[in-house]
Novice: 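Provided herewith is a single structure, encoded as structure tokens, for subsequent inquiry.
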Amino acid sequence: CCESYISNNIQLFWIFSFIDNSTLPSMKIDCHSSSMLQAVLLLTALAFEEVGSFSTRTTPVPPSRHHAKRDAVTRRNPLRTFRTEESLRRISSSLAASSLDVGIENLPENQENATNSTTASSSASVEKPTSRASPDVDNSLPADMLTLPRHSQEDVNEILDETEALIRNMHKHSKKVDPRNSHNRQSTPRPEDADGDAIFANTYVDLGKVETVGFDYDYTLVSYTEELLELIYDMALKRLVNDRNYPTEMLEAGLSFDPFFSIRGLAVDKETGWICHLSYTHKVAVAWEGREKVPTSEIYKEYRGKRALNPLERKSRLKPLNDLFSMAECCLIADTIQFFKDQHIDYCPNNVVRDILGAIGDTHISGDFHRIVAHDPARYFHPTPHLKSVLTNLKQSGKRLIFASNSPFWYVDEGMKYVLGDDWMNMWDTVIVSAGKPAFYTEVRRPFREVNKYNSRVLFKKVERLEKGAVYTEGCLRELTRLMGLKQSEDLESNLEGGAVELATSKVLYIGDSLFADLVDAKREFGWMTAAVTPEVGTEMEVQRQSDYILVERTIEFLLNALRLVQGELGAVQRTEEDLATLDAIEQLVSKWRDRETALLGNPFGSVFRARYQPSLFAHSLRRYCDLYMASVSSLRLYSPQHRFYPESDFRLLAHEIKRPGATECWDLEDVLNNDEP
């Protein structure tokens, strides 16, 4: 087992699930080292030494304030059976000699002296994280994040003491987090790795039965640098001032696109101007008014104590910001509102949102930024070294390729020549531009028109068939299905070949980045298989593998476990004011650690896929409407054109499915607290 880990050069996180909840601090072990075997054998010995002294599953403590059988309680409580100081000291001293060789990070405080004594000799081979803060600045964690409340009952205090000792040990060397140093930038190229380049399946997909593969263009076949969003932001800001008579001082205020503020999957409330992050139940998990976070109490007040709007209100008030282009308009809305607040200018949020959305729309329609990008593709496009091989591989396997974009031909022609070469059109069976998605999916009588490739003029003649090498515009999916002869799959009984059942309802796979412009109607109306390009998957997975993030996750888990254990000690009786104050203080501490988790992701909203701690509305839509999702189209290079994708078997929907050893509960403390903290 150890040899296979070493040969595959993978990383082990939290070795042995039966000890990772209670016994070991967060460790990341780099298996490239020759000392890997020694470390694994040592951890194995420690694991078997500890395994007899605690249970791997936390069982509720009997409901009484005083327990006669302390031994029985101890057996049920892994936190208590863990001999904190003794075990940590023993593990730390045992690993001291080899820790730097194998790259183990975040050893507890007992190892500090041993680590410091060998740092100088190993600095050439092991890269250590460095702080960006000035030496004179105290960059350590605030004391209140490491301090748990206390209770007059001894049994409760024992739980709190041990939990606090664990957290302090884990975070001996943790520092404050600056989101701008977290490197979670969606427009920044990400190093290739096996996890980040994986394709994830929500349903069963057999690529071998896919006959036609369609691709969107923007942020799918090509990906843009951060400078494109800066360009769109600047052009829209100038339109606000010049076309809509906004204050000229806005051009002199230093307003610019901030890549650390916005993420996609947000929504703007047109009545308040708030930028909101919604959970899968449409609850507002986080809201920002300008660049100021909206207090939880204000969210409850605005939404009548429900933290959410009813379906009719959602439709009229909320404007989704779902694609990557929308990050520029999200940032411009926040900056404009903050400018008005700072300058004490009265404003109507609805008008501001409408004007900015209009300015962004005019920027897209005018084609101004398209011309700038087409003139300098090297500046605005990321390299796509694997794209040609991916398309060639699909083509050689006998699949038809469809190019379908909302952008004009002259624009995509320049971009595709840059990423694929002058003969890029030879790769495609059908090329559709200015498709007008999502109307492309819902229109039923809109005909295709041919586009002159040399002057981009539309030819008004009837299109009887779609020819390879020609360019078409407008049209609709019904016409595309008819002209290309795209058929639905046969009856289920006819697809029992080789023991596999074709669960898809179509032999077409469409790949795009925008859920609602590219994918939803193709899936919902025509049963096409869909794949979403979500670069956030790769960037967030990279952050979540870092030791700081793992430590935060474990800290939250320890705190939630302490809440359960404390309530078990208190029993099923009426809570006193002291009891409630203790529980509230721990819950507020969990909320602070969640804020740190958000900061590590490099923006004020946190994960694209989590709204605080519940699945986000974006994640819910991704799962509902997409069969596959991936960080980039290049991920397809790692899979055969006949690859079969299987969904994960542990899709947990109900509370009893979520609860398991090591799982952190998915519940929202802000709903419990309902406090005034931002």
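Note that these values count all heavy atoms, side chains included, but never hydrogens, waters or copies made by symmetry. Small disclaimer: the values here were computed from a predicted structure and weren't measured. Residues take their numbers from the sequence shown, with the count starting at 1.
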Novice: Heavy-atom distance under 4.5 Å between the side chains of L477 and F440, does that happen here?
Specialist: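 Contact flag for L477/F440 side chains = yes.
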
Novice: Can S407 and D218 be counted as having a side-chain donor-acceptor contact under 3.5 angstrom?
Specialist: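 There is such a pair between these side chains.
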
Novice: I'd like to check the salt bridge (charged side-chain N to carboxylate O under 4.0 Å, His left out) partners of D627; sequence neighbours left out, ordered by chain and number.
Specialist: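 Counting only residues at least two positions away or on another chain, D627 forms a salt bridge (charged side-chain N to carboxylate O under 4.0 Å, His left out) with K523.
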
Novice: Salt bridge or not between R612 and D595? Use side-chain N to carboxylate O under 4.0 Å.
Specialist: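 Counted as a salt bridge, because a side-chain N and a carboxylate O are separated by less than 4.0 Å.
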
Novice: Checking salt bridge (Lys or Arg N to Asp or Glu O under 4.0 Å) for the pair R594/E553: CA distance, chi angles, key distance, verdict?
Specialist: CA-CA 9 Å; R594 286 184 180 167; E553 284 189 321; over 6 Å; no

Novice: Looking at CD1 of I360 and CZ of F369, how far apart are the two atoms once the value is rounded to the nearest 0.5 Å?
Specialist: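 Interatomic distance, I360 CD1 to F369 CZ, rounded to 0.5 Å: 9.5 Å.
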
Novice: Quick one: are V451 and Y472 in side-chain contact, heavy atoms under 4.5 Å?
Specialist: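 Sidechains of Y472 and V451: no contact.
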
Novice: Charged N to carboxylate O below 4.0 Å: is that the case for D243 and K238?
Specialist: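 Salt bridge: no.
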
Novice: Going from NE2 on H282 to CG on N310, what distance comes out if it is rounded to the nearest 0.5 angstrom?
Specialist: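 Answer rounded to 0.5 Å: 11.5 Å.
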
Novice: I would like to know whether D216 and S514 meet side-chain hydrogen bond (donor to acceptor under 3.5 Å, both in side chains); could you show each step before the answer?
Specialist: CA-CA 9 Å; D216 182 36; S514 178; over 6 Å; no

Novice: Take atom CZ of R624 as the centre, draw a 6.0 Å sphere, and report whether it contains more than 12 heavy atoms from other residues, nucleotides or ligands.
Specialist: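 No, CZ of R624 has 12 or fewer neighbouring heavy atoms, counting only those of other groups under 6.0 Å.
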
Novice: Quick check on side chain to side chain contact (heavy atoms under 4.5 Å, CB included): which of V412, V222, L221, T220 does S405 satisfy it with?
Specialist: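 Looking at V412, V222, L221, T220, the match for S405 under the side chain to side chain contact (heavy atoms under 4.5 Å, CB included) is V412.
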
Novice: Report all side-chain donor-acceptor pairs from residues 271-279 shorter than 3.5 Å, counting only partners two or more places apart or in another chain.
Specialist:
unit_1, atom_1, unit_2, atom_2, d
E271, OE2, N350, ND2, 3.3
T272, OG1, W274, N, 3.2
H277, ND1, F605, O, 3.4
S279, OG, T281, N, 3.3
S279, OG, T281, OG1, 2.9
S279, OG, K283, N, 3.3
S279, OG, Q614, OE1, 3.4

Novice: Rounded to the nearest 0.5 Å, what's the gap from CD on E467 to CG on D429? Could you check?
Specialist: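 That separation rounds to 12.5 Å.
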
Novice: Less than 3.5 Å apart, any donor N or O on the side chain of Y639 or N393 sitting next to an acceptor on the other?
Specialist: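 On atom types as modelled, these side chains do not qualify, holding no pair under 3.5 Å.
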
Novice: How about F403 and W424: are their ring centres within less than 6.0 Å of each other?
Specialist: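 F403 vs W424: aromatic centres under 6.0 Å.
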
Novice: Going by an N to O cut-off under 4.0 Å, is there a salt bridge joining D423 and K417?
Specialist: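 Here D423 does not pair with K417 in a salt bridge, since their nearest N and O are not under 4.0 Å apart.
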
Novice: Sub-3.5 Å donor-acceptor pair from the side chain of E540 to the main-chain atoms of V537, do we have one?
Specialist: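 Checked: no pair found.
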
Novice: Quick test of your reading of the model: are D323 and R264 salt-bridged, counting only N-O distances below 4.0 Å?
Specialist: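 Looking at R264 together with D323, the answer is no, because their closest N to O distance does not fall below 4.0 Å.
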
Novice: Please step through side chain to side chain contact (heavy atoms under 4.5 Å, CB included) for the pair S223 and H382, ending with a clear verdict.
Specialist: CA-CA 6 Å; S223 60; H382 283 310; 3.3 Å; yes

Novice: Quick one, R637 with S634, criterion side chain to side chain contact (heavy atoms under 4.5 Å, CB included). Give me CA distance, side-chain angles, the key distance, then yes/no.
Specialist: CA-CA 6 Å; R637 77 188 187 280; S634 296; 3.8 Å; yes

Novice: Apply salt bridge (charged side-chain N to carboxylate O under 4.0 Å, His left out) to E479 and list each qualifying residue two or more places apart in sequence or on a separate chain.
Specialist: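 Salt bridge (charged side-chain N to carboxylate O under 4.0 Å, His left out) check on E479 returns R482.
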
Novice: Decide, yes or no, whether a salt bridge links R291 with D258 under the criterion of side-chain N to carboxylate O below 4.0 Å.
Specialist: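 D258 and R291: salt-bridged.
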
Novice: Are R371 and D376 close enough for a salt bridge, meaning some N to O gap below 4.0 Å?
Specialist: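 No, R371 and D376 are not salt-bridged.
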
Novice: Could you tell me whether the side chains of S366 and R239 share a donor-acceptor contact shorter than 3.5 Å?
Specialist: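 There is such a pair between these side chains.
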
Novice: Looking only at atom types and distance, does a side-chain atom of K399 sit under 3.5 Å from a main-chain N or O of L207, one as donor and one as acceptor?
Specialist: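 Yes, K399 side chain to L207 backbone: donor-acceptor pair under 3.5 Å.
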
Novice: Is the shortest side-chain heavy-atom distance between Y224 and L229 below 4.5 Å?
Specialist: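 With C-beta onward as the side chain, the pair stays apart.
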
Novice: Hey, do the aromatic rings of F200 and F645 have their centres closer than 6.0 Å?
Specialist: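 Between F645 and F200, which both carry aromatic rings, the centre distance is not below 6.0 Å.
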
Novice: Are F340 and Y347, when compared by the centres of their aromatic rings, separated by less than 6.0 Å?
Specialist: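 Under 6.0 Å, so yes.
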
Novice: Verify side chain to side chain contact (heavy atoms under 4.5 Å, CB included) between L480 and F448, making sure each step is shown before the conclusion.
Specialist: CA-CA 9 Å; L480 179 66; F448 281 103; 4.0 Å; yes

Novice: Using ring-ring contact (aromatic ring centres under 6.0 Å, His included), reason through Y280 and F618 one step at a time and then give a plain yes or no.
Specialist: CA-CA 7 Å; Y280 74 105; F618 179 85; over 10 Å; no

Novice: Side chains of D335 and Q338: do they bring a donor and an acceptor to under 3.5 Å?
Specialist: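 Q338 and D335 do not have a side-chain donor-acceptor pair below 3.5 Å.
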
Novice: Which residue pairs satisfy the salt bridge (charged side-chain N to carboxylate O under 4.0 Å, His left out) criterion with at least one member in residues 443-454, sequence neighbours excluded?
Specialist: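 Found E450-K461.
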
Novice: Would you say L231 and V373 make side-chain contact, with heavy atoms under 4.5 Å?
Specialist: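 Sidechains of V373 and L231: in contact.
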
Novice: Using only atom types and a distance under 3.5 Å, with no angle test, would you say the side chain of K341 pairs donor to acceptor with the backbone of T336?
Specialist: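 A pair under 3.5 Å: no.
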
Novice: Taking the side chain as C-beta and beyond, is there a heavy-atom pair between S434 and E474 under 4.5 Å?
Specialist: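 No - every pair of side-chain heavy atoms lies 4.5 Å or more apart.
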
Novice: Would Y510 and V213 count as a side chain to side chain contact (heavy atoms under 4.5 Å, CB included) here? Give the steps.
Specialist: CA-CA 6 Å; Y510 189 76; V213 183; over 6 Å; no

Novice: Could you give the distance from NZ (K507) to OG1 (T212), rounded to the nearest 0.5 Å?
Specialist: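 Reported to 0.5 Å precision, the distance equals 10.0 Å.
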
Novice: Give a yes or no on whether a salt bridge exists between E227 and R379, defined as a side-chain N under 4.0 angstrom from a carboxylate O.
Specialist: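 Counted as a salt bridge, because a side-chain N and a carboxylate O are separated by less than 4.0 Å.
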
Novice: Mind checking what makes ring pair (Phe, Tyr, Trp, His ring centres under 6.0 Å) contact with H370, not counting sequence neighbours?
Specialist: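 For H370 the ring pair (Phe, Tyr, Trp, His ring centres under 6.0 Å) partners, ignoring immediate neighbours, are Y411.
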
Novice: Considering residues at least two apart in sequence or located in another chain, which fulfil the salt bridge (charged side-chain N to carboxylate O under 4.0 Å, His left out) criterion with K388?
Specialist: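 Listed in chain order: nothing, the list is empty.
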
Novice: Regarding N202 and Y629, is there a side-chain donor-to-acceptor distance under 3.5 Å anywhere?
Specialist: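 No, because no side-chain N or O of N202 sits under 3.5 Å from a partner of the opposite role on Y629.
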
